[in-house]
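Keep in mind it's a predicted model, so treat the numbers as computed, not measured.
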Amino acid sequence: QVQLVETGGGLVQAGGSLRLSCAASGRTFSSYAMGWFRQAPGKEREFVGVTSRSGGSTYYADSVKGRFTISRDNAKNTVYLQMNSLKPEDTAVYYCAAGGYYSGRQGNMDYWGKGTLVTVSS
């Protein structure tokens, strides 16, 4: 069992930056690929990015590529989402998730956090 807790959300102006953190419980953090997803008001949850078990590989949704960066610290059981050049359309609840496969598919994620709200004002 893995428990995930996201922190770092808040209100930021367009063009600003935020860094989200996702802390995981348990000793098997490095066994999981870690993904970030988001759900905007009135929309379905969507893929943001994913990092491999070691953190050596990452890929992102086109909508955030070049602006968002995922990193992880396996010694701290934590994965991060650095968000730069934020836009109002980035407003959403952001979720981290853990899965056994390096995949952006939500169905491949086994554990989910409860999310943290990011609001970007124009």
Practice prompt. Verify, without hydrogens or angle tests, whether Q106 (side chain) and R45 (backbone) share a donor-acceptor contact under 3.5 angstrom.
Written response: yes

Worksheet entry | Within one Ile-Leu-Val-Met-Phe-Trp-Tyr cluster: Y95 and Y32, side-chain cutoff 4.5 Å | no

Worksheet item: At what distance, to the nearest 0.5 angstrom, does CG of L20 lie from CZ of R38?
Response: 11.0 Å

Fill in: Gap between atom CZ of R19 and atom OG1 of T69 - 0.5 Å precision
11.5 Å

Worksheet item: With no hydrogens and no angle check, is any side-chain donor or acceptor of T58 less than 3.5 Å from a backbone partner on T51?
Response: no

Worksheet entry | Residue pair G9 / T116: nearest heavy atoms and the distance that separates them | N-OG1, 3.2 Å

Worksheet item: Does Y111 OH have over 12 foreign heavy atoms under 6.0 Å away?
Response: yes

Practice prompt. Please lay out, stage by stage, how M34 and F29 fare under the test side chain to side chain contact (heavy atoms under 4.5 Å, CB included).
Written response: CA-CA 9 Å; M34 296 298 298; F29 178 73; 3.8 Å; yes

Worksheet, complete the sentence: OG (S122) and CD (Q13) are apart, to the nearest 0.5 Å, by 9.5 Å

Worksheet item: Does the side chain to side chain contact (heavy atoms under 4.5 Å, CB included) test come out yes or no for K76 and S21, once each step is laid out?
Response: CA-CA 11 Å; K76 295 183 178 180; S21 299; over 6 Å; no

Discussion item. Measuring from atom CG of L117 to atom OG1 of T91, what distance do you get when rounded to the nearest 0.5 angstrom?
Written reply: 8.0 Å

Discussion item. Can you classify the ring geometry of Y94 versus F68 as parallel (below 30°), tilted (30 to 60°) or perpendicular (above 60°)?
Written reply: tilted

Fill in: Residue pair Q82 / S17: nearest heavy atoms and the distance that separates them
NE2-CB, 3.9 Å

Worksheet, complete the sentence: d(M83 CE, W36 CH2) to nearest 0.5 Å is 8.0 Å

Discussion item. Please check: side-chain N/O of R53 versus main-chain N/O of S31, any donor-acceptor pairing under 3.5 Å?
Written reply: yes

Worksheet item: Hey, any chance V12 and L81 share a hydrophobic cluster, counting ILVMFWY side chains that come within less than 4.5 Å of each other, even indirectly?
Response: yes

Worksheet item: Is the backbone N or O of N84 less than 3.5 Å from a side-chain atom of D90, with the two atoms forming a donor-acceptor pair by type?
Response: no

Worksheet item: With no hydrogens and no angle check, is any side-chain donor or acceptor of S52 less than 3.5 Å from a backbone partner on S57?
Response: yes

Item to complete: Taking all heavy atoms of L11 and all of S121, pick out the closest pair and write down the distance.
Response: CD1-CB, 4.3 Å

Discussion item. Show, in sequence, the C-alpha distance, side-chain angles and deciding distance for D73 and Y80, and conclude whether the side chain to side chain contact (heavy atoms under 4.5 Å, CB included) test is met.
Written reply: CA-CA 8 Å; D73 185 337; Y80 305 97; 4.2 Å; yes

Discussion item. Quick check on the hydrophobic clustering: are V79 and V48 connected, directly or via other members, by side-chain heavy-atom contacts under 4.5 Å?
Written reply: yes

Worksheet item: Quick one: ring pair (Phe, Tyr, Trp, His ring centres under 6.0 Å) partners of Y59, sequence neighbours excluded?
Response: F47, Y102

Discussion item. Looking at every heavy atom in both S54 and R72, which two are closest together, and how far apart are they?
Written reply: C-CD, 4.1 Å

Worksheet item: Is the side chain of S25 donor-acceptor paired with the backbone N or O of Q3 at a distance under 3.5 Å, no angle test?
Response: yes

Practice prompt. Write down the atom of L18, the atom of G8, and the distance for their closest heavy-atom approach.
Written response: CD2-O, 3.8 Å

Discussion item. Could you check whether any side-chain N or O of E6 sits under 3.5 Å from a backbone N or O of C96, counting only pairs where one atom can act as donor and the other as acceptor?
Written reply: yes

Worksheet item: With the 4.5 Å side-chain cut-off for hydrophobic clustering, are V118 and L4 part of the same group?
Response: yes

Worksheet entry | Steps toward side chain to side chain contact (heavy atoms under 4.5 Å, CB included) verdict (D110, V2) | CA-CA 9 Å; D110 300 314; V2 176; over 6 Å; no

Worksheet item: Where is the tightest heavy-atom contact between K65 and Y60, given as atom of each residue plus distance?
Response: CE-O, 3.6 Å

